[in-house]
Amino acid sequence: MAMERIYIKNLHGAVDTEVSVSGFVSVRRDHGKLIFLDIRDETGFVQAVALPKEVGAHEMADKLRPEWSIRVSGTVKKRPEKMVNSEQENGDIELVLSSIEILNEATTPPFDISTDGYDVGEEHRLRYRYIDLRRARLQKNIRMRHKILKKARDFFDARGFVEIETPILTKSTPEGARDYLVPSRLYPGQFYALPQAPQQYKQILMASGFEKYFQIARVFRDEDTRGDRQPEFTQLDIEEAFIERDAMLALNEAFAIAVIEECFPDKIIQEKPFPRISYKNAMEQYGTDRPDLRKDKNNPNLLAFAWIVDFPFFEKDERGGWTFTHNPFSAPKTEHRDELLKKENIGNILAEQYDLALNGFEIAGGSLRNHQPKALEAVLEIIGFSPERIKSDFGHMLSALGSGAPPHGGIAWGVDRLIAALMNEPNIREVIAFPKTGEGRDLMMDTPSSVEAKQLDELGLSIKKEKH
Ligand code: ASP
């Protein structure tokens with residue numbers, strides 16, 4: 001019977017025993033008589049050696065090339081004092097091979113994965129993402145992402161929040177971006193929209209008697225490609241009923257601190273509780289609503305959080321009408337409620353909206369909501385919606401709110417951006433397993449791509465002649 005596999009991280013406990021290790025060949029160094037292999041599995045890295053007297057293993061070692069997957073057996077040996085490399089993981093042991101089994105050969109890797117990879121062209125990295133992901137930096141990022149998301153689930157679960165999935169095939173939610181549309185085959189000419197946020201569903205859940213909701217949700221926004229945007233990204237989406245603003249801020253602050261203490265013990269939070277700055281003051285003092293408040297920008301472990309509060313509810317759009325600055329669902333601050341209902345002093349109205357900035361990035365944003373239908377209706381009227389449009393686009397929301405929906409509020413964290421900031425990565429693509437390029441393409445799958453005429457036909461669609 002084959003020997004049970006041991007993970008490389010456990011080899012220290014197996015000195016002088018025969019073990020079986022599976023993994024990739026990182027490097028092969030041929031010293032003629034001795035052939036050295038660096039073998040890695042997901043837990044670590046170890047040097048192995050094939051001695052000439054182990055003829056079978058030696059012959060096999062001669063054939064191996066980087067990134068082949070292998071299963072080897074051998075004896076774990078302490079290295080003689082002189083050969084110990086204290087700089088290296090497992091630098092005091094090596095595996096003396098007795099046999100090697102090739103599990104799969106690899107084509108020559110398109111780039112070196114032993115480096116951090118920042119110098120390799122990104123398109124190249126994304127086209128061969130399966131190889132790129134093998135590099136230690138990305139392995140670390142993706143595993144840390146898992147750890148942070150697990151912490152999020154545990155944190156909110158422990159406080160009575162329930163994770164509820166909401167639909168991906170849904171109706172347009174105005175979050176300020178363009179929707180991705182999905183044509184319906186059964187209803188030709190009609191479309192689903194992919195969610196820009198689970199906003200309406202989470203509010204409807206409040207009306208449904210779920211007082212504490214969260215979801216690690218994928219959201220989709222068809223925006224012009226700009227810097228660090230992705231067509232799809234992940235939000236940690238939260239909503240709670242009967243909650244006041246300060247309690248919502250405190251809850252999220254506790255979450256941020258818990259994640260950092262558990263996952264990033266070396267990081268220092270510059271100021272606790274997080275400072276709160278009004279939008280007006282932020283703009284006046286820093287010229288931005290996501291100021292970078294770090295006192296020492298050279299310190300990669302310093303985290304400066306700040307809540308930005310009291311945003312203007314409305315701003316003028318390019319046609320001279322009013323539009324919302326965040327989304328239409330926010331409540332006005334209590335002192336502006338009458339103005340909203342009377343639709344007066346519109347430019348003056350402040351929303352119960354709060355954004356969280358971290359080192360110059362907006363990493364979360366949310367608000368207390370209009371839980372009474374007349375307030376949401378007033379917002380929609382201010383932004384120029386006709387009664388018919390209000391009914392067709394928001395009838396369901398108004399009627400859910402009118403079913404006795406309790407006061408509620410929530411927030412959504414930009415998970416990718418949070419992780420990128422905590423991992424000191426320059427962009428969110430470095431913390432997403434399979435990101436799109438800055439131009440919105442998946443180069444590995446080669447998509448977007450055209451589809452068969454038959455598929456279009458079934459959907460009742462035809463493609464207009466290419467625009468030039
Ligand atoms: N739905 C909002 C967003 O995606 C967040 C929120 O208000 O909860 O930005």
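Atoms within a ligand are numbered from 1 in the order they appear, just like the ligands themselves.
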Any chance the side chains of E123 and T437 put a donor and an acceptor closer than 3.5 Å? no
H326 to ligand 1, any heavy atom closer than 4.0 Å: no
Heavy-atom contacts with Q199 under 4.0 Å: which atoms of ligand 1 show up? List them by number with element. 1 (N), 2 (C), 5 (C), 6 (C), 7 (O), 8 (O)
What are the atoms of ligand 1, with element, lying closer than 4.0 Å to any heavy atom of G366? 6 (C), 7 (O)
Atoms of ligand 1 less than 4.0 Å from R369 heavy atoms? 6 (C), 7 (O), 8 (O)
Element-labelled atoms of ligand 1 that are located less than 4.0 Å from some non-hydrogen atom of I411: 8 (O)
With heavy atoms and a 4.0 Å threshold, my read on which part of V219 contacts ligand 1 is neither
Please indicate whether any nitrogen or oxygen in E239 is less than 3.5 Å from any nitrogen or oxygen in ligand 1. no
Under 4.0 Å from ligand 1, counting heavy atoms only, is it the side chain of R221, its backbone, both or neither? side chain
What is the ring orientation for F156 with F161, classed by angle as parallel under 30°, tilted 30 to 60°, or perpendicular over 60°? perpendicular
So does V162 get a backbone contact from the side chain of K212, meaning a donor-acceptor N/O pair under 3.5 Å? no
Using 30° and 60° as the class boundaries, would you call the ring planes of F111 and Y128 parallel, tilted or perpendicular? perpendicular
When H408 is tested against each of E240, E211, R369, K202 for side-chain contact (heavy atoms from CB on, under 4.5 Å), which residue passes? R369
Taking both backbone and side-chain atoms of D237, is any N or O found less than 3.5 Å from an N or O belonging to ligand 1? no
Could you check whether E262 pairs with K147 (Lys NZ or Arg NE/NH1/NH2 to Asp/Glu carboxylate O, under 4.0 Å)? no
I'd like to check E362 versus R417 (side-chain heavy atoms, cut-off strictly below 4.5 Å). Are they in contact? no
For ligand 1, note which part of Q235 has a heavy atom under 4.0 Å away: side chain, backbone, both or neither. side chain
Taking 4.0 Å as the limit for heavy-atom contacts, which would you say applies to E362 with ligand 1: side chain only, backbone only, both, or neither? neither
Going by the order shown, which atoms of ligand 1 are within less than 4.0 Å of some heavy atom of A197? 1 (N), 4 (O)
Salt bridge present between E223 and R178 (N-O < 4.0 angstrom): no
If we set the cut-off at 4.0 Å for heavy atoms, which region of A412 has an atom near ligand 1: side chain, backbone, both, or neither? both
G365 neighbourhood, listing ligand 1 atoms whose heavy-atom distance to it stays under 4.0 Å: 5 (C), 6 (C), 7 (O), 8 (O)
Electrostatic pair K171:D179 at N-O distance under 4.0 angstrom: no
Using a strict cut-off of 4.0 Å, indicate which atoms of ligand 1 neighbour a heavy atom of K202. 6 (C), 8 (O)
Cation-pi check for Y180 against R221: NZ or CZ below 6.0 Å from the six-membered ring centre and within 45 degrees of the axis, yes or no? no
